[in-house]
*Asks:* 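This is the structure I have questions about; it appears just below.
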Amino acid sequence: MLNCTDERFADLQLLRYEVPGFDGLPLRQKLLVYYLAEAALLGRDILWDQNCRYGLQLREVLEAVYTHYDGPKDDADWQAFVVYMKRVWFSNGIHHHYSCQKFEPGFSREFLHSQLSNRQIVQLSNCQIARLSTRQIEDLIFNPDVMPKRVNQADGEDLLLTSSCNYYAKGITQAEAEAFYAEQKKKVSAERPPMLGMNSRLERKADGSLFENVWHSGGLYGEAIDRICDMLRQARQHAENTKQQAVIDKLIDFYRTGNLTTFDEYAILWVEETEGEVDFTNGFTEVYGDPLGLKASWEGYVNIIDHDATRRAKTLSDNAEWFENHSPVDEHFKKKECKGISAKVISAAMLGGDLYPSSAIGINLPNSNWIREEYGSKSVTIANLTRAYNMAAKGSGMREEFVIDEETRQLIDKYGDACDDLHTDLHECLGHGSGQLLPGVDADALRAYGSTIEEARADLFGLYYIADPKLVELGLTPNGEAYKSQYYSYLMNGLLTQMVRIAEGQQIEEAHMRNRALISRWTLKNYPEAVQITEEGGKHFVRISDYRLLRKAFGELLAEVQRIKSEGDYEAARQLVEQYGNKLDAELHHEIRERYKRLNLAPYKGFINPRYELVRDEEGNITDVTVSYDEAYDLQMLRYSQQYRTL
Ligand code: ZN
């Protein structure tokens, strides 16, 4: 079992994720993962430079202090410096990864000043100190007016002049950049436009005109890109099929030229490659780091198929017909021929660039709209990252605070994760695909209530069936009792704990949250003999007194929600959502938020990567690739700064 909560500081917590099945892969696939993982780590310096033009120099100076400090470890300045260093690593720069505000250091200017005059540290970071004066370094770190925000989105201000990200040369105004790209836009296809501006820094020539300094081999970031391409070529030798080879070839071609049409060709090949068990992205991808939303930050990740989870999803979709026929829904509203959706569940094998250490748990690419329309997209959920979050939640104190008694807690500890995954599978693979509209009913008949009702339908399908003996028979649940963990967690979330994510004074707006509130509160109101909210010592808890009856309730609501959908009954949808789905009880909301606050949980989480190493025999032939999970956060960061230093 991994120790998943060993690093906690400021508002951050670092988790570890395991890569299930890696050890059992054939050597060829292990090597494919290995080289793609190396390629995913080699772009790290690109991101640091994109985030701030002084990012790499500052990192080197700070790391020199971190590794060569020789004063007392209990010194308050030193301890604050350690936290600062770890936050900078986490953000890939001196600004908060989420709020984009510059960090306020907890140590004194004098402390840093004395460190910077330490001879060893000066030597270590010599070239950087030469490029940045001590005064500049101190200003960058301490002066709140210098580079205060990485990305400024405040309406009415010049977003480029007030943002410190490094996508536009100093002094270029928002109006200039917008005019430049408006002009570029006229020159390209309106139907199938390339992602203009995504792979360059906008700069100014001596004559004052603007030009794009393109990121490609031989150009800006060329050294990093060349090393990435070397690893991609190695990976290509171990590709699983010719389509995968074509994807890699095209990507290398794009990195060589920086040509945006080549990038689109690559994106199409990538979308169409669905056979391989190993997949990856590597390159300039998301544009959140640019206030104008054009320039893409560098990211890389590698994933492998999660065989167990994919098999579970397949078992459900193979039996889709049985589930449809046995559902409590009126016969008219059932699909005549029913096919489940066979979802591919993946595990992350490496996170790099803008996905490290803070990562998304689902990925949907490419971003080009016309490619999505004509060729589709790949959408995946990353199961092992979700699992790491779940494991962290176990130690968080949430269950101790909000679950009513020890017996229920044990049930959730034992079956909770497995049943959560299963409920998600039932929801995705069967729920959304079940049922049919009556002839002539408009798919948008429920208008603004449509997505809440649709999510409720899929959730109820999952809730109804997770308690079915059929799942035990199919080997998907261990016994006839496991489902109770899901029933309790679901109602606790829908009735109480999901409120912690909503600010006080606000109502529920997001469709998934509305759906959970709707199902839970409808059940509470209509089946008081099955579920109640009780109060003990000023705290409210969910109590379930009849699990079998609860299943009946979910079945009844499923039948009704399916009817609403099938008939396009707008009025009934409106009443359900308005009555149960969006209002919050202010007093209860306050209580839940206060109890949550007292748990003092880190609001942001990120991941420490696994480490892969080649094993060679005496002749130097590679015989295996090992994976380990025990590298400390700071050591991983320092190793990356050395081993994957490219700029
Ligand atoms: Zn859904």
Side-chain angles (χ1 to χ4, degrees), residues 306 309-310 312-317 319-320 323-324 327-329 333-335 338-346 360-365 372 376-383 385-386 389-390 417-437 443-467 471 476 483 486-487 489-491 493-494 498 501 508-523 554-555 557-566 568 573 576-577 580-582:
D306 182 331
T310 303
R312 198 173 61 221
K314 189 170 181 306
T315 304
L316 289 177
S317 60
N319 288 280
F323 285 100
E324 186 75 354
S327 93
V329 161
F333 308 142
K334 288 183 181 175
K335 257 205 185 109
C338 193
K339 261 201 203 152
I341 299 154
S342 203
K344 190 166 163 185
V345 186
I346 61 156
I361 52 167
I363 292 186
N364 192 329
L365 289 173
R372 293 171 75 88
S377 63
K378 280 188 199 170
S379 174
V380 289
T381 44
I382 310 175
L385 299 189
T386 310
Y389 278 127
N390 286 343
D417 292 351
C419 285
D420 249 0
D421 288 348
L422 189 56
H423 183 256
T424 305
D425 289 342
L426 285 162
H427 175 117
E428 300 291 349
C429 304
L430 299 177
H432 280 306
S434 71
Q436 65 175 3
L437 299 182
D444 293 326
L446 305 180
R447 289 177 276 167
Y449 301 106
S451 48
T452 299
I453 291 293
E454 177 56 21
E455 291 310 323
R457 202 173 69 86
D459 260 3
L460 285 162
F461 198 95
L463 288 167
Y464 179 76
Y465 273 119
I466 203 163
L471 294 192
L476 296 171
Y483 78 93
Q486 179 63 18
Y487 278 17
S489 306
Y490 192 95
L491 291 179
N493 192 27
Q498 75 167 358
R501 290 155 59 191
I508 311 178
E509 284 173 12
E510 201 273 327
H512 293 82
M513 293 178 81
R514 280 189 166 184
N515 128 57
R516 288 191 284 264
L518 185 163
I519 292 173
S520 307
R521 293 194 222 164
W522 181 92
T523 313
F554 292 142
L557 187 56
L558 172 60
E560 170 62 2
V561 164
Q562 181 62 58
R563 182 198 67 74
I564 291 172
K565 169 106 182 174
S566 291
L576 260 189
V577 178
Y580 300 106
N582 51 15

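Throughout, numbering of the chain's residues begins at 1 and tracks the sequence. Both ligands and their constituent atoms are indexed starting at 1 by order of listing.
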*Asks:* Go through the steps for R501 and E510 under the test side chain to side chain contact (heavy atoms under 4.5 Å, CB included), then give the verdict.
*Replies:* CA-CA 11 Å; R501 290 155 59 191; E510 201 273 327; 5.5 Å; no

*Asks:* Please list all pairs meeting salt bridge (charged side-chain N to carboxylate O under 4.0 Å, His left out) that have one or both residues in residues 445-467, counting only residues at least two apart or in different chains.
*Replies:*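 Checked against salt bridge (charged side-chain N to carboxylate O under 4.0 Å, His left out) - neighbours excluded - the pairs reaching residues 445-467 are E454-R457, E454-K565.
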
*Asks:* How about Y490 and I519: do any of their side-chain heavy atoms sit closer than 4.5 Å?
*Replies:*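 The answer is yes, as the side chains (C-beta and beyond) meet within the 4.5 Å cut-off.
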
*Asks:* Using the test side-chain hydrogen bond (donor to acceptor under 3.5 Å, both in side chains), find all partners of N582 that sit at least two apart in sequence or belong to another chain.
*Replies:*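 Testing N582 for side-chain hydrogen bond (donor to acceptor under 3.5 Å, both in side chains), a comparison that skips the adjacent residues, returns E578.
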
*Asks:* With 2.8 Å as the threshold, which protein atoms of type N, O or S lie near the Zn ion (ligand 1)? Leave waters out.
*Replies:*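 Correct list: H427 NE2, H432 NE2, E455 OE1.
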
*Asks:* For L518, run the side-chain contact (heavy atoms from CB on, under 4.5 Å) check against L576, T523, L460 and tell me which one passes.
*Replies:*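 Running side-chain contact (heavy atoms from CB on, under 4.5 Å) over L576, T523, L460 with L518 returns exactly one hit, L576.
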
*Asks:* Please name all residues satisfying ring-ring contact (aromatic ring centres under 6.0 Å, His included) with Y487, sequence neighbours left out, ordered by chain then number.
*Replies:*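 Expected list: Y483, F554.
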
